Amino acid sequence: MIPAPFDYYAPTSLAEALTLLQRHGDDAKILAGGHSLLPAMKLRLASPSVLIDINKVDELRGIKVNGTVEIGAMTTWSAIEHHAALAKACPAMADAVGLIGDIQVRNRGTIGGSLAHADPAADMPAVVLAVDAQIHVEGPNGPRAIAAADFFTDMLSTALEPGEIITSITFNSHGAGEGSAYAKFPHPASRYAIVGAAAYVKLENGQVTACRVAITGAGPKAERQPAVEQALIGTDGSADAVAAAAAHAGEGMDMLGDIHASEEYRRAMCKVYAKRALLKAIERAR
Amino acid sequence: MTATEMKERLVGRALKRREDPKLITGHGNYLDDIKLPGMLHIALVRSPHAHAKIVSIDASKALAMPGVVAVFTGKDMLDINPMPAAWQAAGVKNYPVPPRALAVDKVALVGDPVAMVVAENRYIARDAADAVEVEYEPLPAVVDARKAVEPGAPQIHEAAPNNIVFEWECGNKAAADAAIASAEVVVKEEIINQRLIPTPMETRGSIARYDATTGEWTVWMTSQAPHVHRLLLTAFVFGVPETKLRCIAPNVGGGFGQKIFCYNDMAFTMWAARKLGRPVKFVEDRSENYKYSTHGRDHITEAELAGTRDGKITGLRVKTWANIGAYFSTVAAGIPTTLYGRIITGVYKIPAAYVHVTGAYTNTAMVDAYRGAGRPEASYLIERMVDRFAAEIGMDPAEVRRKNYIQPEDFPYDNGLGLLPYDSGNYEPALNKALEIAGYAEFRKQQAELRKQGRYLGIGISSYVEICGIAPSAWMGGQGWGAGLWESANVRVHLTGKVVVTTGSLPHGQGLETTFAQIVADELGVPYEDVEVQWGDTQGTPFGYGTYGSRSLAVGGVAIKRSVDKIKEKARKLAAHLLEANEADIVFENGRAYVKGSPDKGKTIGELAAAAAVAYNLPPGMEPFLDETSYYDPPNCTFPFGTHVCIVEVDPETGHVKLLRYIAVDDCGNQINPLIVEGQIHGGIAQGLAQALYEGAVYNEDGQLLTGTLMDYAVPTAAMVPHIETDHTVTPSPVNPLGVKGAGEAGTIASAQCVMNAIIDALAPFGVKHLQMPATPERIWRAIHGK
Ligand SMILES: Cc1cc2nc3c(=O)[nH]c(=O)nc-3n(C[C@H](O)[C@H](O)[C@H](O)COP(=O)(O)OP(=O)(O)OC[C@H]3O[C@@H](n4cnc5c(N)ncnc54)[C@H](O)[C@@H]3O)c2cc1C
């Protein structure tokens, strides 16, 4: 519970943070909400010698909602949770955020920190995959955008390059006929996802014309579920059609197994939670 | 107020706890808040292996680090004795191997401390602990109590052949065998009461200061029993006069049993403080608490219950393997014997019962008392078996209970298992009340209806009786307890009329400060605000046994009442003298002594206290001051009881359980403060339903604790605990003058099986007869889907 010694910086601008990050290289870690990084340091699973705290970088904070949604990397879960326009623009995000940890965790944890950390059981990775978000980063070579689909590369690994900081996340607001939802089987202790399913659907003339489903918690990283999506597109989105499509959830995924949920059980729960998320998303789209 | 006008009684009123404002606004003074000048800090080097020989320890790198004062190993401390094994199983041979201050030559669990670093601050100590190099020779480990006593199992201690701590029995084996052999119906089940981690909000620790000029220590400790710790540490561990140690328990942030025991840190902080001549502090972090401080429960049981087709229970035979962990913790053997076996038949009249318990060492954390201590294991067992029996004969579980309850006229009731007689009870009204609140008959109809729609609701009943007010000394002595078990109280009325109460109890969340003040204010007739309650420091309080076993009201509270009675007696004598009346004519009422028949001629307790304190005019032979001490050793324990009912719905697709309703009807005798009783019941239920649904300490085969953090071990949050509907019946205890029984553990003792019975009832359509705890969604899903 006592971390190894480290130096601490608290820059007030993104430029300053980037400079510090470049100067200290691999020894440095960005500190956002600290709800993943600090426990790891206290257990001495991580021992960075420099912490760059970006909580004072105001330009990284905030939510804008119009045709697109833009969320600053340092926006906390509770800011997202209490944003009414965002909940309308993307119900799946509101569902997911309301289920993260507890109030204290939601007051500290940030969306940028969660995506950068890429915990296999985090909720947000599934949501950004389902809404096909862009993750905006800035680094030594300037800004770039990474599609959510390309962002999560493996357990706790992302497409972030050394020296890069996530600045914001953007995606399209839902329009007419679009709906999304997130359904979660929480871990009884941590509240992280044992299985979490995010679903987005578009209905046109009573037919599913677009669908994206992503599952987190079950495998080493959050993954889209192409077999489910393909099975649903072109159907009427009825309960039967959803059940048939959701039966493909988890296909081709490496399942995790632990004392809280075995591989076999997680696989079964992928189907149940994909179904529940889809049913809700369709109900909202109608 | 005239003499005859009654002051409003406080006993029975739901006063808010007077201790709370300080504690909940962060103004408590806990162990880790204490900082002494020149204080050093300890970090331990702990074994990563569950079982290994220590080949070598090299501290040279650590000693070279700036700020490191010393590194000590177990071999440095061979001049002190191991921790005492204070409660051994009665009437049989025990093989106690308690822990030493630090491990010597070998380690027996992950987290066993092999060396300690003492440094200028906690950070340096922690870094230096990482730099101590220890070479181990790993040995095979065993974590399961039943496997540990099988031939060929790894042997943990030379002094305990086959890892057996004790083999103990109670009841009548021949009668139980015969009842089972000749029964119309026998149900048999393997019942596992899983290991739990108590998880007080505050972890444990000690701070020791040594004065070389006097040879005296002061030790601040997270303790439920500082007097007992003083006795054990001086007389047994250090072999020094008891007077050389002062123990202080500051505010204690929860205990649930874990802080009853005498731990190695108390000894190694004392040893190091003496060696180094500076105060030293050790405070566990949560991971250390989980690995090394005591756990609870961990029984494997084979149970058989015999009965007739018409629902009469005729016999019970129980064989239990109780996991004691790697070493013998202070009262470890008493829990799965006296406090478990002797109450195994619960609220039922079972003519033939027999219990056999094997205590076993394993390469796991020590197991000792945890809220309920033995009684939750017993209630769980009998209440599961009764439901199992009811299902087998196709009878309503409420009906089976009614048929077998001990009846009001049976009290005092001897259950034939070597327990003292149950003091008083009336079990059926509590059951009826709980069922009525639940709408039992209506629920059964609704349940059948919903099942047709594919919804699975279940109702669970748990009737319990438990043992509170753990005492009479002579009886406990016969149970293997190594000391007395009364409680003390001193009450003084100062010159100003203010009342100071010192108690040997050790409140650590029970609200005793409030409860005790209510009793004293009523009995003495003084304002509640004028009563101060003190505890926790061996200097200034009479020897007392501390708070555990739901004993602080039924034993500690009664000691206070007896001291107040003595004060009143003396005050009456003094009043007679001052009023020039006959002592027999003095009435003491509402804080005032007056002459019978002339209420205007009197003296208030404040006036009498002042007269006694200045001592200008006392009757011949009377000593000054109103100051009385009592040591109360009750004639019996008390036996609270009740019935809890809960309603759940199971999601057949995922196995999730939703607690729809939880109803608790408890009878703890007279209630001094119903708000506090309710709070205790709530907290107890939260812990019991957590056992049913969430908690479980899991070790892998190698003895690594897989639930080593709060991210893995599921202590429920408020959101996971349902609204609890409480009600009560009142059957006063005839044992003590307050008629009280105790409420600290009842909620835990009643609730795990209540939830499990409801879940298993919900799963009846799937042919499920029993499930082990915790009933995780996966377990339930497997039971439903036959996987
Ligand atoms: C008790 C508890 C329960 C939780 N429950 C849940 C849950 O149910 N669901 C869930 O999804 N999460 C859960 N979390 C995680 C929490 O939601 C945090 O969001 C998450 O820990 C990471 O966010 P953070 O802001 O705390 O990041 P930090 O811990 O500060 O950082 C995490 C990592 O990301 C890096 N980083 C942070 N910000 C950036 C950035 N802008 N650019 C680049 N790198 C960056 C850091 O260097 C570090 O490596 C829980 C955490 C706790 C402690």
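Hydrogens, waters and symmetry mates play no part in the numbers below; they use all other heavy atoms, side chains included. Bear in mind the structure is a predicted one, so any value in this text is a computation, not a measurement. Residue numbers start from 1 in every chain, and the chains themselves are labelled A, B, ... in the order their sequence lines are given, proteins ahead of strands.
Both the backbone and the side chain of Pro777(B) have a heavy atom closer than 4.5 Å to some heavy atom of chain A. For Leu43(A), the part lying under 4.5 angstrom from a heavy atom of chain B is the side chain only. With a 4.5 Å cut-off on non-hydrogen atoms, Ile2(A) touches chain B through its backbone and its side chain both.
Within a 6.0 Å sphere centred on CD1 of Ile103(A), heavy atoms belonging to other residues, nucleotides or ligands number 12 at most. Within a 6.0 Å sphere centred on CG of Asp254(A), other residues, nucleotides and ligands contribute 12 heavy atoms or fewer.
Judged as a side-chain contact (heavy atoms from CB on, under 4.5 Å), and not counting sequence neighbours, the contacts of Ala227(A) are His248(A), Glu251(A). Checked against ring pair (Phe, Tyr, Trp, His ring centres under 6.0 Å), Phe152(A) has no partners two or more places apart in sequence or in another chain. Residues satisfying the side-chain contact (heavy atoms from CB on, under 4.5 Å) test with Ala239(A), not counting sequence neighbours, are Leu279(A).
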Record all donor-acceptor atom pairs with a distance under 3.5 Å between chain A and chain B; write none if the list is empty.
from      : atom 1 : to        : atom 2 : distance (Å)
Met1(A)   : N      : Asp285(B) : OD2    : 3.3
Arg44(A)  : NH1    : Asp127(B) : OD1    : 2.9
Arg44(A)  : NH1    : Asp130(B) : OD2    : 3.1
Arg44(A)  : NH2    : Asp127(B) : OD1    : 2.6
His260(A) : NE2    : Asp712(B) : O      : 3.1
Ser262(A) : N      : Glu778(B) : OE1    : 2.7
Ser262(A) : OG     : Glu778(B) : OE2    : 2.5
Ser262(A) : OG     : Arg782(B) : NH2    : 3.0
Glu264(A) : OE1    : Arg782(B) : NH1    : 3.0
Glu264(A) : OE1    : Arg782(B) : NH2    : 2.9
Tyr265(A) : OH     : Thr654(B) : O      : 2.5
Lys275(A) : NZ     : Glu653(B) : OE2    : 2.2
Arg276(A) : NH1    : Asp651(B) : OD2    : 3.2
Arg276(A) : NH2    : Asp651(B) : OD1    : 3.4
Arg276(A) : NH2    : Asp651(B) : OD2    : 2.8
Arg276(A) : NH2    : Glu653(B) : OE1    : 2.8

